[in-house]
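Each chain gets a letter, A, B and so on, in the order the sequences are listed, and its residues count up from 1. Computed from a predicted structure; not experimentally measured.
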Protein chains: 2
Amino acid sequence: MNKDQVTELIHRYTKVSFIVKRMAESLIKDQLSDALTNGQFYMLRYIQEQGTCTSSNLAEAFFVNKSAITAIISRLKDKGLINRVRNEDDRRVVYLTLSEKGKNLFTETEMRIHLLLENFITEFNEDEISAFITTYEKLSTILVDLKKNQQEEL
Amino acid sequence: MNKDQVTELIHRYTKVSFIVKRMAESLIKDQLSDALTNGQFYMLRYIQEQGTCTSSNLAEAFFVNKSAITAIISRLKDKGLINRVRNEDDRRVVYLTLSEKGKNLFTETEMRIHLLLENFITEFNEDEISAFITTYEKLSTILVDLKKNQQEEL
DNA sequence: TGTTAATAGTTAACGACGTGAACTAAATGA
DNA sequence: TCATTTAGTTCACGTCGTTAACTATTAACA
């Protein structure tokens with residue numbers, strides 16, 4: 001690849017990424033009315049996948065400040081979607097788990113997102129979409145590594 | 001593709017998309033200190049590409065409310081990055097253009113983003129990244145169409 | 001022509017999510 | 001023991017969304 005080709009690809013990528021991001025936020029919000037925001041959904045998913053986790057885990061996983069996590073968790077707690085249990089072995093630590101209500105809302109939300117996406121994922125060739133996601137994951141890994149390196153430099 | 005495969009792909013996609021979004025916001029912000037936010041950068045780019053445009057154009061292009069555009073434009077105006085000229089033929093309309101300062105900052109920002117991305121885009125095979133972006137663009141088109149259909153239903 | 005509609009843009013009140021800095025409480029370790 | 005580290009919270013702030021109500025201007029039509 002020469003320089004011009006790289007520039008062209010970057011331009012095409014950045015152009016699309018902003019709209020895809022907006023659409024992902026917007027379409028799902030339209031579908032889900034006032035249930036969960038994007039961020040809240042991903043937090044719930046992480047907690048569910050891990051079974052239990054801490055604020056620090058979330059902050060590290062999503063590369064955001066701990067205070068941001070505290071705010072999101074606090075909203076989820078207000079909605080009764082998660083439980084917070086202090087660890088008696090190390091009383092600084094608070095374990096987060098999904099409440100029954102949280103599990104249900106998460107599952108319902110996930111289902112609706114899948115329904116929305118299923119409608120058009122079939123418009124892609126299987127190989128195409130599969131390769132796309134694989135590259136996307138690779139991109140994610142690279143970006144994450146880059147971010148981690150930046151953080152370590154501090 | 002059977003249902004399980006589709007579910008699996010959607011899961012992989014949504015899992016990565018959130019992190020990629022975060023990284024795109026975060027890495028570039030780290031690079032650019034307190035110059036431009038992501039949203040501001042894309043607004044400037046649109047105005048530059050179009051030469052001139054209106055708030056309504058931006059709102060339509062980025063699928064956001066006009067009030068959100070007003071707020072962003074107002075910040076860009078405060079920074080002296082854009083000019084606003086009222087159209088004398090239709091005095092409701094305000095044309096937006098980049099100021100010299102805006103052009104310079106945009107170009108500089110774009111260059112830094114490209115430098116950041118160039119560092120790892122070469123880690124991909126040319127065919128792979130090219131196919132990836134093509135599919136990404138297709139995805140974007142589909143999402144945009146879906147959004148437009150939803151809007152028309154109102 | 002004069003009243004009504006639509007359109008472009010702004011403003012205000014609000015919410016979600018991000019930041020950094022200062023803080024509490026608890027654990028660690030020389 | 002006393003300084004340091006760690007987990008988490010709180011506060012003040014900024015950005016970017018939303019809806020609703022508003023101004024000003026243009027367009028439409030009876």
Side-chain angles (χ1 to χ4, degrees), chain A residues 18-19 21-30 32-44 52-60 62-79 81-82 84-96 147 151 154, chain B residues 18-19 21-30 32-44 52-60 62-79 81-82 84-96 147 151 154:
Chain A
F18 192 78
I19 283 295
K21 183 195 100 182
R22 279 285 307 143
M23 292 300 96
E25 284 167 1
S26 168
L27 282 171
I28 287 170
K29 195 183 289 175
D30 291 349
L32 301 178
S33 65
D34 37 28
L36 287 176
T37 67
N38 249 271
Q40 288 166 5
F41 173 72
Y42 289 109
M43 294 295 148
L44 289 186
T52 185
C53 75
T54 66
S55 285
S56 296
N57 295 154
L58 287 167
E60 201 186 334
F62 293 106
F63 296 90
V64 294
N65 204 291
K66 273 192 296 180
S67 0
I69 298 293
T70 300
I72 296 174
I73 291 304
S74 151
R75 283 179 212 110
L76 293 173
K77 174 75 183 166
D78 288 347
K79 292 186 188 174
L81 302 177
I82 58 172
R84 305 162 72 153
V85 180
R86 195 163 286 278
N87 175 16
E88 290 304 327
D89 289 342
D90 182 344
R91 294 188 47 72
R92 291 171 302 181
V93 176
V94 177
Y95 286 133
L96 306 169
K147 177 75 182 178
Q151 284 178 344
L154 302 181
Chain B
F18 192 78
I19 284 295
K21 184 195 101 183
R22 280 284 308 142
M23 292 300 97
E25 284 167 0
S26 168
L27 282 171
I28 287 170
K29 194 184 290 175
D30 292 348
L32 301 178
S33 65
D34 38 27
L36 286 176
T37 67
N38 247 271
Q40 288 167 3
F41 172 74
Y42 289 110
M43 295 295 149
L44 289 186
T52 185
C53 74
T54 66
S55 284
S56 296
N57 295 152
L58 287 167
E60 201 185 334
F62 293 107
F63 296 90
V64 294
N65 204 288
K66 274 191 296 180
S67 357
I69 299 293
T70 300
I72 297 174
I73 291 303
S74 151
R75 282 178 212 110
L76 293 172
K77 175 73 183 170
D78 288 347
K79 292 185 188 173
L81 302 177
I82 58 172
R84 307 162 72 153
V85 180
R86 194 164 286 277
N87 175 16
E88 290 304 327
D89 290 342
D90 182 344
R91 295 187 47 73
R92 291 170 302 183
V93 176
V94 178
Y95 287 133
L96 306 168
K147 178 74 181 177
Q151 284 177 344
L154 303 181

Figure out the [atom1]/[atom2] separation between [X] and [N], and round it to whole Å.
| X | N | atom1 | atom2 | answer |
| --- | --- | --- | --- | --- |
| Asp78(B) | dC16(D) | CG | P | 12 Å |
| Lys77(B) | dT15(D) | NZ | P | 18 Å |
| Asn38(B) | dC17(C) | CG | C1' | 14 Å |
| Met43(A) | dA16(C) | CE | C1' | 12 Å |
| Ile73(B) | dG17(D) | CD1 | P | 12 Å |
| Arg86(A) | dT24(C) | CZ | P | 15 Å |
| Asn57(B) | dT7(C) | CG | C1' | 13 Å |
| Gln40(B) | dG14(D) | CD | P | 13 Å |

Q) Excluding sequence neighbours, so at least two apart, what forms salt bridge (charged side-chain N to carboxylate O under 4.0 Å, His left out) with Glu60(B)? A)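 Partners of Glu60(B) under the salt bridge (charged side-chain N to carboxylate O under 4.0 Å, His left out) test: none.
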(Q) I'd like to check the salt bridge (charged side-chain N to carboxylate O under 4.0 Å, His left out) partners of Arg86(A); sequence neighbours left out, ordered by chain and number. (A) none
**Q.** Residue whose nearest DNA chain C nucleotide is more 5′ - Thr37(A) or Glu88(A)
**A.**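 Looking at DNA chain C, the more 5' nearest nucleotide goes with Thr37(A).
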What pairs of donor and acceptor atoms, side-chain ones from residues 68-76 of chain B against any protein atom, are under 3.5 angstrom apart with sequence neighbours left out?
| residue | atom | partner | partner atom | Å |
| --- | --- | --- | --- | --- |
| Thr70(B) | OG1 | Lys66(B) | O | 3.1 |

Those residues that, when tested against [X], pass side-chain hydrogen bond (donor to acceptor under 3.5 Å, both in side chains) (two or more places apart):
| X | value |
| --- | --- |
| Thr37(B) | none |
| Thr54(A) | Asn57(A) |
| Lys147(A) | Ser26(B), Asp30(B) |

Q: Considering non-hydrogen atoms only, spot the tightest contact between Phe63(B) and Ile19(A) and give its length.
A: CD1-CD1, 4.2 Å
Q) Taking all non-hydrogen atoms of both residues, which atom of Asp89(B) and which atom of Asn87(B) are closest, and how far apart? A)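 Between these two residues, the closest heavy atoms are N-OD1, 3.0 Å.
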Using a cut-off of 4.0 Å on non-hydrogen atoms, how would the nucleic acid contact of [X] be classed: base, sugar-phosphate, or nothing?
| X | answer |
| --- | --- |
| Ile69(B) | nothing |
| Asp89(B) | sugar-phosphate |
| Arg22(B) | sugar-phosphate |
| Glu25(B) | nothing |

Could you list, one pair per line, each protein nitrogen or oxygen that sits under 3.5 Å from a nitrogen or oxygen of nucleotides 28-30 of chain C, together with the distance?
none

(Q) Return the pairing partner of dT26(D) with a 3.5 Å limit on both distances, Watson-Crick or G-U wobble; otherwise return none. (A)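 Base partner found: none.
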Q: Find the partner of dA13(C): check Watson-Crick (N1-N3 plus N6-O4 or O6-N4) and G-U wobble (N1-O2, O6-N3) distances, both under 3.5 Å, and reply none if neither fits.
A: dT18(D)
Could you go over nucleotides 10-12 of chain D and give all protein N or O partners under 3.5 Å, atom names and distances?
| residue | atom | partner | partner atom | Å |
| --- | --- | --- | --- | --- |
| dT10(D) | O4 | Ser67(A) | OG | 3.4 |

Q. Syn versus anti for dA5(C), judged by chi lying within 90° of 0?
A. syn
**Q.** For Phe18(B), all residues meeting ring pair (Phe, Tyr, Trp, His ring centres under 6.0 Å), sequence neighbours excluded
**A.** Tyr42(A), Phe62(A)
Q) OP1 or OP2 of dC17(C) less than 4.0 angstrom from a side-chain nitrogen or oxygen of Arg75(A), does that happen here? A) yes
Q) Between Arg91(A) and dA27(C), is there a side-chain N or O to OP1/OP2 distance below 4.0 Å? A) no
Q: Verify side chain to side chain contact (heavy atoms under 4.5 Å, CB included) between Leu58(B) and Val64(B), making sure each step is shown before the conclusion.
A: CA-CA 8 Å; Leu58(B) 287 167; Val64(B) 294; over 6 Å; no
